[in-house]
Amino acid sequence: MNKLKRMQPLLGTFVEVGIITERDNGGDAITAAFKGIEKVQNLLSFHNADSDLSRLNKSGRRGIELHPISADVLRLALHMTGVTKGDFNCTIGGALIEKGVLPDHGGLRPVSVGTVDDVILNGCHARLLSPIRITLDGITKGYAVDHAVNILQQQGIRSGWINAGGDLRVFGDMTIPVYRREMDESHTFLGSFSNTAISTSSAQFDYDSRFPSMILNSHTHDYKSGIWTVKAGLSWLADALTKVAGVATDNTVNKRIAALGGELLAG
């Protein structure tokens, strides 16, 4: 058995891809996984004015034809926006532009927040019925991790892991100990995990920061500092559910996250 791992800067962090394999093409499989992650990043970056996401946000009612990956992520994000009743909300980009967290690449002046009814997605064709700004930051990194795991498995890799900053997925016959870096830079042991995805989102908004972060409540436009970790079967889901935990205002959040297929490990 060979253990191989590599790291590249992607998704606004450092992404580590590791595998355990007897095959000679392990390096090729890792390279393919990184290319898959980069593809998702290029398609769905809010900061890239030429990404699929930015073109959609500028297109308005005309709409555009999306890459199948972009359409898949948007479909998942709209689903989560609906089932969480806006606790996870992919239409909140306008409010984040107003607060200086995200850039505005043009188009009609955005409204702060929309609803799933503002978006029409038919196959890969999407259009916006009002000047909202879709942001998929709450789900894209997790989706990219899942996409890369699929690529590794298609390449014949049976065991491995991908660690993309706050998004970790481990698969196959292996177990990984997981520590969470807290806001004060200390580390908390969360346990040892196999065949699962774990996502951590943190928010400590500072207008003077070069990279301000915020989990914004789409109902109240309030935000709070904190750190939340969720476990789920897939990284995109774990990633989305950390945003639900981040806007929670009552003690029912554990039950709500469990009902959606996740588990709040720490919040």
Side-chain angles (χ1 to χ4, degrees), residues 11-13 40-41 44-47 53 72-99 101-102 112-116 118-119 132-146 164-169 180-183 190 196-205 211-267:
L11 302 171
T13 185
V40 175
Q41 172 183 273
L44 297 174
S45 170
F46 198 105
H47 293 270
L53 179 60
D72 194 27
V73 178
L74 178 57
R75 190 172 293 108
L76 292 172
L78 291 170
H79 168 73
M80 290 302 296
T81 301
V83 297
T84 65
K85 298 181 180 179
D87 286 345
F88 173 96
N89 196 323
C90 66
T91 72
I92 202 169
L96 294 172
I97 289 172
E98 292 169 7
K99 293 184 179 296
V101 178
L102 293 176
S112 296
V113 181
T115 71
V116 292
D118 292 313
V119 185
I132 58 171
R133 295 292 187 272
I134 299 290
T135 174
L136 300 172
D137 289 351
I139 199 172
T140 292
K141 190 194 290 187
Y143 185 95
V145 168
D146 291 330
D167 289 89
L168 169 70
R169 184 168 164 195
R180 186 175 82 169
R181 185 171 64 186
E182 305 293 347
M183 305 291 267
L190 297 179
T196 196
I198 297 171
S199 180
T200 297
S201 289
S202 62
Q204 193 169 19
F205 186 73
F211 304 104
S213 62
M214 177 186 294
I215 297 178
L216 190 67
N217 187 317
S218 66
H219 309 294
T220 65
H221 289 203
D222 292 332
Y223 59 91
K224 57 186 177 182
S225 296
I227 183 167
W228 302 271
T229 301
V230 171
K231 180 179 77 168
L234 294 171
S235 285
W236 77 263
L237 180 59
D239 200 0
L241 291 177
T242 61
K243 312 312 183 291
V244 176
V247 303
T249 57
D250 57 45
N251 58 8
T252 67
V253 62
N254 285 16
K255 290 182 178 179
R256 283 156 51 209
I257 287 177
L260 293 165
E263 178 186 347
L264 182 63
L265 296 179

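Sequence positions, counted from 1, serve as the residue numbers for this chain.
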Where do [X] and [Y] come nearest, in terms of heavy atoms and distance?
X    : Y    : value
S235 : L168 : OG-O, 4.0 Å
L11  : A164 : CD1-CB, 4.3 Å
G262 : A232 : CA-CB, 4.2 Å
W228 : T242 : O-CG2, 3.8 Å
A77  : I139 : N-CD1, 4.0 Å
V113 : A95  : CG2-CB, 4.3 Å

Evaluation steps, side chain to side chain contact (heavy atoms under 4.5 Å, CB included), between M80 and D87: CA-CA 9 Å; M80 290 302 296; D87 286 345; over 6 Å; no
How long is the gap from [atom1] on [X] to [atom2] on [Y], to the nearest 0.5 Å?
X    : Y    : atom1 : atom2 : result
W236 : L76  : CH2   : CG    : 4.5 Å
F88  : L237 : CZ    : CG    : 10.0 Å
T84  : R256 : OG1   : CZ    : 8.5 Å
C90  : D118 : SG    : CG    : 10.0 Å
I132 : T115 : CD1   : OG1   : 7.5 Å

Any heavy-atom pair between the side chains of [Y] and [X] that's under 4.5 Å?
X    : Y    : value
L190 : K231 : no
S112 : E98  : yes
L53  : L136 : yes
I227 : R181 : no
L102 : H47  : yes
I134 : T91  : yes
I92  : T135 : yes

Under 3.5 Å donor-acceptor, D146 side chain and L234 backbone: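 No; judged by distance alone, with no hydrogens or angles, the pair does not exist.
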Pair N89, T81: side-chain N/O donor-acceptor within cut-off below 3.5 Å: no
R180 versus T200, side-chain donor and acceptor atoms under 3.5 Å: no
Side chain to side chain contact (heavy atoms under 4.5 Å, CB included) assessment of V101 paired with F46: CA-CA 11 Å; V101 178; F46 198 105; over 6 Å; no
Carboxylate-amine/guanidinium proximity below 4.0 Å for K141 and D137: no
